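The residues of the chain are indexed from 1 along the displayed sequence. In this text, all values refer to a predicted model and were calculated from it rather than measured experimentally.
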Amino acid sequence: LVGALLRGETRLGEIIDIERFDGVRGTILNSVAPIRDDAGRITGGVVVIEDITGQRDQERKSTEQAATLQAILDTVPVGILVACAFTHNITYVSQTTQDLLEEFRENRGKRPTADRLQFLTSQGERMEPKQLPLERALKGERVTGLEVTVRGETTGEKHLIVHAAPIRTPGGTITSAVASLTDVTGMKRLQGELMALNVELEQ
């Protein structure tokens with residue numbers, strides 16, 4: 001208010017942490033402006049104060065919950081990818097995904113180009129973009145237990161089991177989609193070795 005009265009300053013929407021007379025801390029949204037007469041002289045000032053303690057507390061809780069969720073997603077042994085339904089851009093790549101498919105890390109979390117990372121069916125056929133589990137989920141489809149082979153310049157060849165599902169608003173609008181990636185490369189390699197051993201034994 002002093003700035004408005006002495007210097008004619010107008011300040012809108014300042015967030016200020018306060019301590020009330022009872023010792024309880026809170027947050028207010030503060031706006032001040034000078035009042036002038038017809039000649040432009042400052043004759044007073046107006047202050048508008050809104051208590052936003054509840055909203056700020058909710059924001060802090062939401063931030064803490066988001067940080068907790070990200071920590072969980074980054075430590076589970078399953079890769080996670082999230083894509084936006086409106087742009088189809090990748091919006092979240094977990095640490096496990098970056099460790100599994102290094103092209104995502106090298107591309108700073110964005111979708112690697114097709115020449116760097118190829119997705120194949122279990123029969124070895126190249127998958128078109130519209131066939132990818134995350135793209136199918138963005139169109140409303142749930143994908144369960146799909147076996148996908150990934151070939152990358154850095155990653156090499158990986159065998160994955162992929163699950164994908166759309167994320168909807170309470171009204172049913174798809175806003176994004178999530179996919180989980182489970183690395184079964186070691187298991188596939190072991191299966192191949194066992195099959196080769198059985199063939200040798202039968203001969």
Going by side-chain hydrogen bond (donor to acceptor under 3.5 Å, both in side chains), name the residues that satisfy it together with [X], two or more places apart in sequence or in a different chain.
{"X": "S180", "result": "none"}
{"X": "R105", "result": "D99"}
{"X": "T175", "result": "none"}
{"X": "R116", "result": "E106, E153, T154"}

By side chain to side chain contact (heavy atoms under 4.5 Å, CB included), R25 pairs with (sequence neighbours left out) E19
So, using side chain to side chain contact (heavy atoms under 4.5 Å, CB included) as the criterion, who are the partners of T155 when residues are at least two apart? L101, E102, E103, K158
Would you tabulate the side-chain donor-acceptor contacts of residues 79-87 under 3.5 Å, counting partners in other chains and residues two or more places apart, or write 'none'?
unit_1: T87; atom_1: OG1; unit_2: N89; atom_2: N; d: 3.2
unit_1: T87; atom_1: OG1; unit_2: N89; atom_2: ND2; d: 3.4

Using a 4.5 Å side-chain heavy-atom cut-off and chaining through intermediate ILVMFWY residues, the residues clustered with L29 come out as I15, I52
For L12, the rest of its hydrophobic cluster, which grows through side-chain links under 4.5 angstrom: none
Can you list the residues that meet the salt bridge (Lys or Arg N to Asp or Glu O under 4.0 Å) rule with [X], with sequence neighbours excluded?
{"X": "R11", "value": "E9, E14"}
{"X": "D38", "value": "none"}
{"X": "E50", "value": "none"}

I'd like to check T27 versus I18 (side-chain heavy atoms, cut-off strictly below 4.5 Å). Are they in contact? no
